[in-house]
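For reference, the structure is listed below as structure tokens.
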Protein chains: 2
Amino acid sequence: MDTNFPDLRQFGGAEAFLRVCKPRVVLEMFTSKWTALVMGALLDGPRRFSELRRALDGITQKMLSQTLRTLERDGLVTRTVFPTVPPRVDYELTALGRSATGILEAIGAWAGEHADAVIAARTTYDARAAEPPRPVT
Amino acid sequence: MDTNFPDLRQFGGAEAFLRVCKPRVVLEMFTSKWTALVMGALLDGPRRFSELRRALDGITQKMLSQTLRTLERDGLVTRTVFPTVPPRVDYELTALGRSATGILEAIGAWAGEHADAVIAARTTYDARAAEPPRPVT
DNA sequence: CCGCATCCTCTTTGATACTG
DNA sequence: CAGTATCAAAGAGGATGCGG
């Protein structure tokens, strides 16, 4: 193979490399428990906070708020406040945000093809681990 | 838009949905800090434990061991023990593991195009958050 | 209605030391 | 060489109550 995997020592070790690794920045965008789900709920257009809360039945206010703030900070979602009373806040995917959903679709596609194999592998592995200690022959 | 985002209530809430959501299974495969890096280090072929430890300069024995065990459990990596002394253990990507690196490449590609935009958005957001309190004008 | 602040728990990661 | 065991630290996630 010819993969050009970098020698991490030139970055001062893997730890240092991770701090400047762009793919990792992206990876971390989606690793939060709710990020993908919130973006999914925004695919059809702008949504209010309470609409999202209802759509993601089970998410706490705190996590929804926190997730939306992170998405906003990363430029994936816009937050629009209407100065009405009671207050109304709309969230909407930006162009950047919509382009990022392509990654989620890629993951979904791979999951459709291979997730069962992963789950099966786990089952096999766990069964093996639970076996009685080796007989001495 | 026509995105078919599911109504999560039929699953008993988002939390319940997440437990059976295959894309999430895949997402969680890569959420560990070292997973992607270890797989990257295996792209060029089989590697011994100590080779990986050197390649990922900075990883602890424990985390390398743990990461490899998870990868093995998920069927992404094989572990081959040679009954020599001193012991020697080789790790190698399976076909499933190699196919999964496609996801990492997709993430890398998106990162190449958009990571700077994300980082810039963060900088802007953080600068705005650090501004002095609004003048009343 | 929107969302922040507090407190608490669980998981992940890391440092260190020991074994076949 | 290739791990496991143990302990401590850090961060994510969640429950609840208050404020604009």
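- When heavy atoms are screened at a 4.0 angstrom cut-off, Glu51(B) is found touching no nucleic acid atom at all.
- Rounded to whole Å, atom C1' of dA2(D) lies 12 Å from atom CG of Asp90(B).
- A donor-acceptor pair under 3.5 Å links the side-chain atoms of Thr94(A) to the main chain of Gly97(A), judged by distance alone.
- Each of Lys33(A) and Phe49(B) lies near DNA chain D, and the nucleotide nearest Phe49(B) is the one positioned closer to the 5' end.
- Remark: Arg88(A) engages Asp90(A) in a salt bridge, criterion side-chain N to carboxylate O under 4.0 Å.
- The distance from atom CG of Leu37(B) to atom P of dT13(C) is 13 Å, rounded to the nearest whole Å.
- At least one donor-acceptor pair under 3.5 Å links the side chain of Glu51(B) to the backbone N or O of Arg48(B).
- Between Arg122(B) and Asp74(A) there is a salt bridge, with a side-chain nitrogen of the basic residue lying less than 4.0 Å from a carboxylate oxygen of the acidic one.
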- Query: Yes or no on side chain to side chain contact (heavy atoms under 4.5 Å, CB included) for Tyr91(B) and Arg79(B), after CA distance, side-chain angles and deciding distance?
  - Reply: CA-CA 5 Å; Tyr91(B) 293 90; Arg79(B) 177 174 182 273; 3.2 Å; yes
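- The phosphate of dC1(C) has neither OP1 nor OP2 within less than 4.0 Å of any side-chain N or O from Ser50(A).
- Atom pair Glu28(B):CD and dC10(C):C1' shows a separation of 15 Å (rounding to whole Å applied).
- Rounded to whole angstrom, the span from the CZ atom of Arg53(A) across to the C1' atom of dA15(D) amounts to 12 Å.
- We find that CZ of Arg48(B) is positioned 8 Å from P of dC1(D), with the value rounded to whole Å.
- In this entry the distance linking CE of Met63(B) with P of dA9(D) reads 18 Å, nearest Å.
- The nucleotide whose nearest atom lies closest to any side-chain atom of Pro87(B) is, among dG3(C), dA2(D), dC1(C), dA2(D).
- A salt bridge is defined here as a Lys NZ or Arg NE, NH1 or NH2 lying under 4.0 Å from an Asp or Glu carboxylate O, and Glu92(A) with Arg98(A) fails to meet this definition.
- Both Gly58(B) and Tyr91(A) sit near DNA chain C, but only Tyr91(A) has its closest nucleotide nearer the 5' end.
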Kindly give the atom pairs (protein nitrogen or oxygen, nucleotide nitrogen or oxygen) under 3.5 Å for nucleotides 4-6 of chain C.
{"residue": "dC4(C)", "atom": "OP1", "partner": "Arg69(A)", "partner atom": "NH2", "Å": "3.1"}
{"residue": "dC4(C)", "atom": "OP2", "partner": "Ser65(A)", "partner atom": "OG", "Å": "3.0"}
{"residue": "dC4(C)", "atom": "OP2", "partner": "Arg69(A)", "partner atom": "NE", "Å": "3.4"}
{"residue": "dC4(C)", "atom": "OP2", "partner": "Arg69(A)", "partner atom": "NH2", "Å": "3.3"}

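- Contacts of Phe82(B) with the nucleic acid, taken as non-hydrogen atoms under 4.0 Å apart, are absent.
- When the P atom of dA2(D) is taken as reference, atom CG of Leu64(B) falls 10 Å away, rounded to whole Å.
- Salt bridge annotation for Lys33(A)-Glu15(B): present, with a cationic side-chain nitrogen under 4.0 angstrom from a carboxylate oxygen.
- Contact check, Thr60(B) against dT13(C): no side-chain N or O comes under 4.0 Å of OP1 or OP2.
- Using a 4.0 Å heavy-atom distance criterion, Ser32(B) is classed as a sugar-phosphate-only contact.
- Rounded to an integer number of Å, the gap from CG of Leu56(A) to P of dC2(C) is 14 Å.
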